[in-house]
Amino acid sequence: MGAFCVYPDEYRPRRPKSTPLFRLLDTHYEEFRDVYDERFSKRYGFWRPVIDEVLTKYNQCGDFHYGFARIRCKECGAEYLRAFSCKCRGFCPSCSKRKSLDLAIFLEEELFRPVPHRHWVWSVPKMLRLHFLHHRKLLPKLCRCAWDALTIFLHEALDHRNVFPGGILVPQTFGGMANWNPHVHALITDTCWDREGHCYPMPEIDTTDIKGIEELFAGLVFRMLLEENMISEELVKNMNSWKHSGFSVHRGSSIKAEDEDSRKTLSEYISRAPFSLERMTFNKGSDTVLYRGEHFHPTLARNFDVSDPIEWIARITSHIPKKGAKQVIYYGAYSQAWRGRERRQGILPKAEAAEDSPSSQSCSSYSRRRRQQWAVFLKKVWDVDALKCPKCGGDMKVISLIEQPSVIKRILKHLDLWEDPRPPPIPLEMVCEPDADYIPWQDDVLEIEVG
Ligand SMILES: [Zn+2]
Ligand SMILES: [Zn+2]
């Protein structure tokens, strides 16, 4: 097996083991598990096995000992190995970053209509936030409340019950310091459509209207929480008497149809990871974690936070989503049902309608493009051109996946990369890139009936 070579250094810029997060978990994770029930179960709920699962995967992310892909240059035949990544959403910073880019490109290529869009944010009062921590199934319902508040308003304003904008809604659980703060981010078209494909411009929306949408949102959230038996009528009455409800609706400025960059930035922003590795410092000497927030934090009265390592682990792991939880929800003219119907009726934009194909075909064309785009992602995230041969610049292709422990060991020993002793590899669904199976609208779509 003479021809193997691991990616040269510039091809492995993640070096997960050298990050403060890895060192922190390496030093404190066991202790965190041991003290969880006593110290954190009251605040963060019962221990969730998904935390162990995700952390185990994260621990193996980018580590050759747990498997890799063989990649060969089509031109000169040079071969490389590339370690698998864990693909954990909501935790692994590098995999989350890739997922966000992936979503941004998917939206740009496949979903966005050529109309202006806006960023919307809906948030809930402090008093209600913990319900969403202990009952994560409420997060998609929070999105539904946000969407309904907007569309009820639009139907009134346009005096038309059957028109909808397109919406991409993301339930986010973190604030600027990775604290628990459930809210909804969205990208919404500034245009509505009816089922025959006619356009309706968004009505003028002023601050009074925003206040109205906020009230509708509050009412819908209260109703939802009452139906779920999370709160009492009395609490609602009490909260309704507050001068500031604590609910808020933010509507960003309009992004022009041709402004692809702003749209992409926003798509990445609304689906970003709960914390950023660049903002985090783990100081083994003083045994503290320093986190520099993006903005000034009004409650803390500063723009950074210092915490005890165990406390910090509890905080960041609280954002690990439930298994299979929908991270991106498509509504209205962007819902799968709506798009499917438009395709059948032949009222999609020409390019797509001409294909006249079942959605499976457009899925596979998306997969093909995704393979090519994967190289673009890597370049963006790690500043390397992954599918270009470092020797001759030729195109590279994944030729096989090495997953069997005995084979992994043999190859790594041969390359003098084997480290002993290693914990036994745990068979987890590690997936190699490029992963053509991951299609955002299959993985993340929650079907919403409109109207
Ligand atoms: Zn990862
Ligand atoms: Zn080559």
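Atoms within a ligand are numbered from 1 in the order they appear, just like the ligands themselves. All values below come from the heavy atoms of this structure, side chains included, with hydrogens, waters and symmetry mates left out.
- Checking Cys88 against the Zn ion (ligand 1), every N/O/S atom stays at or beyond the 2.8 Å cut-off.
- For the Zn ion (ligand 2), the tally of protein N/O/S atoms lying closer than 2.8 Å stands at 4.
- For Arg43 and Trp180, the positive end is not near the middle of the six-membered ring at less than 6.0 Å and at most 45° from its axis.
- Vertex the Zn ion (ligand 1), arms ending at SG of Cys61 and SG of Cys95: the angle is 110° after rounding to 10 degrees.
- The salt bridge (Lys or Arg N to Asp or Glu O under 4.0 Å) search around Arg136 returns none, not counting sequence neighbours.
- With hydrogens and angles left out, the side-chain atoms of Thr281 and Arg292 include a donor and acceptor closer than 3.5 Å.
- Not counting sequence neighbours, the partners of Arg118 by the salt bridge (Lys or Arg N to Asp or Glu O under 4.0 Å) test are Asp190.
- If you put the vertex on the Zn ion (ligand 1), SG of Cys86 and SG of Cys92 sit 110° apart, to the nearest 10°.
- Partners of Phe275 by ring-ring contact (aromatic ring centres under 6.0 Å, His included), not counting sequence neighbours, listed by chain and number: Phe91.
- Tyr29 and Asp52 form a side-chain donor-acceptor contact under 3.5 Å, judged by distance and modelled atom types alone.
- For the residue pair His117 / Thr189, no side-chain donor-acceptor distance below 3.5 Å is found, with atom types taken as modelled.
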